[in-house]
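To start, the structure under review is shown below, and the notes come after it.
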Amino acid sequence: MSESHDDDRIDFSALDPSRDRARWEQQIAAVTARALAARRGPQRADGLRFWSRPGLAAAAALALITWGATALRGCTPSARPAAAQPNPIANVISWSRGGTPTNAYELLEVIHGE
Amino acid sequence: MRALTDHATAALVRRAQHGDVSAFDPLARAFLRAAYAVALGVVARPTDAEDVAQEAFVVALEKIVSCREPARFAGWLLAIVRTRALNWVERRRLREVPRQAQSPDRAGELPTVERGQVRARLVAALAALSPLQREVVLLHDLEDWTHAEIAGALGMSELMSRQHLFQARRALRGWLAQHAPSEVES
């Protein structure tokens, strides 16, 4: 669109920031660089956010497998006969009666209530 | 006339919205001066206007995904510039009130007058205009925008843009004729 009042134009060239070409280029570069830096920040956060769900899912799956395996092992009848099962309390009693020291493993079992 | 058409602007904005950061540079080249013109119309100090324009432009590029109408990027950007410039003026007012209270001899000094003859006169003359007149005359006579472009960016009719320009120029010429350079520089 052509303007018919160009002769009336006020000369604002003294206020023109692009008069100093080098300085103006620096300003353009500064704006672009700052905008880039600002965009890269959220992108990193987005990356973490992107991987957080699969990470959580993998951790949950691993926990489920571990729990399942533990539960299955707990339900499986022991191959050992009941008589052969270690009885820590009996061991401690026999230790206190007979003075025979028990081993550290049995002692730990008693302490942990197993 | 703007360096970019609405169509070209919209294409660049869409690229930026889709993460193409190479669109930042042409957008800044096309619109940073306009941002400066609007900032200058509000803050009335060229160096401050440069800072405000840069800051506002960075913010605009940061949240460019929220520009719903890419073809109207200019109007969207200039609204951000205007808001930030007004905030800047408010911060400056709060900063400078205690300083002026401490030195009453500076109270009568024109806040817009800076060193430099022509520049200082223009800035002081612009202070006599309304904010809208300043935006229109700076976008037209400094940034070389057409009335259609100004009307689109500022949300007014082309006729209103022409009227504001006419009144602004008349007021500026009147001010410049009344105030000799020595009066402003002193």
Side-chain angles (χ1 to χ4, degrees), chain A residues 1-70, chain B residues 1 16 19 21-33 35-37 39-40 46-47 49-51 53-64 116-123 125-126 137-138 140-149 158 162 165-166 168-170 172-173 176:
Chain A
M1 182 182 157
S2 66
E3 298 294 321
S4 56
H5 304 294
D6 277 356
D7 293 338
D8 297 337
R9 198 173 279 269
I10 304 281
D11 182 8
F12 282 117
S13 57
L15 295 174
D16 187 348
S18 61
R19 265 190 322 171
D20 183 344
R21 206 68 217 166
R23 195 161 166 273
W24 182 244
E25 287 297 325
Q26 280 178 356
Q27 289 192 31
I28 299 270
V31 165
T32 309
R34 284 172 62 190
L36 272 172
R39 178 164 279 211
R40 280 189 187 134
Q43 270 183 344
R44 283 198 193 106
D46 286 347
L48 285 174
R49 218 173 294 135
F50 177 80
W51 286 109
S52 66
R53 279 172 183 268
L56 278 173
L62 193 64
L64 196 65
I65 290 165
T66 309
W67 176 80
T70 309
Chain B
M1 196 167 155
V21 292
S22 69
F24 287 0
D25 181 77
L27 281 172
R29 284 181 192 285
F31 292 103
L32 186 58
R33 269 169 52 114
Y36 163 81
L40 180 61
T47 47
E50 287 180 8
D51 291 343
Q54 280 189 45
E55 187 190 312
F57 214 105
V58 171
V59 170
L61 290 177
E62 265 181 70
K63 45 183 194 179
I64 199 161
Q117 300 100 19
V118 182
R119 200 161 133 124
R121 291 191 78 217
L122 286 170
V123 168
L126 281 168
V137 76
L138 285 169
H140 190 278
D141 288 1
L142 172 65
E143 189 49 23
D144 221 15
W145 280 20
T146 64
H147 285 293
E149 289 164 344
E158 285 188 46
R162 284 177 193 280
L165 181 66
F166 175 76
R169 282 172 171 173
R170 191 172 59 179
L172 283 171
R173 289 214 165 81
L176 291 167

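Reminder, nothing fancy here: chain letters follow the sequence lines and each chain counts from 1. Below, all heavy atoms of this structure are taken into account, side chains as well, without hydrogens, waters or symmetry copies.
- B:Leu126 touches chain A through its side chain: at least one heavy atom from C-beta onward sits under 4.5 Å away, while N, CA, C and O do not.
- The minimum heavy-atom distance linking B:Arg33 with A:Pro17 is given by the pair CG-CG, 4.3 Å.
- Heavy-atom pairs under 4.5 Å with chain A peak, among B:Val21, B:Ile64, B:Leu122, at B:Leu122.
- The distance from atom CG of A:Asp16 to atom CG of B:Asp141, rounded to the nearest 0.5 Å, is 12.0 Å.
- For the pair A:Arg9 (side chain) and B:His140 (backbone), a donor-acceptor distance under 3.5 Å is present.
- At a 4.5 Å heavy-atom cutoff, B:Ala23 makes no contact with chain A through either its backbone or its side chain.
- To the nearest 0.5 Å, atoms CG (A:Leu15) and CD (B:Glu50) are separated by 10.0 Å.
- Contact of the A:Arg34 side chain with the B:Phe57 side chain is not registered, since no non-hydrogen atoms from C-beta on lie closer than 4.5 Å.
- Comment: B:Arg170 does not engage A:Asp8 in a salt bridge, judged by the lack of any side-chain N to carboxylate O separation of less than 4.0 angstrom.
- Interface residue B:Glu55: backbone and side-chain heavy atoms are both found under 4.5 Å from chain A.
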When you look at A:Gln27 and B:Tyr36, which way does the side chain to side chain contact (heavy atoms under 4.5 Å, CB included) test go after all the steps? CA-CA 11 Å; A:Gln27 289 192 31; B:Tyr36 163 81; over 6 Å; no
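- Rounding to the nearest 0.5 Å gives a distance of 8.0 Å between CD of B:Glu143 and OG of A:Ser18.
- The candidate with the highest count of non-hydrogen atom pairs below 4.5 Å against chain A, out of B:Leu61, B:Leu142, B:Val59, B:Leu40, is B:Leu142.
- Shown here for B:Ala16 and A:Arg39, the closest heavy-atom pair between the two residues is O-NH1, 3.0 Å.
- Contact count against chain B (heavy-atom pairs under 4.5 Å) is highest for A:Ala14 among A:Ala14, A:Ala33, A:Ala29.
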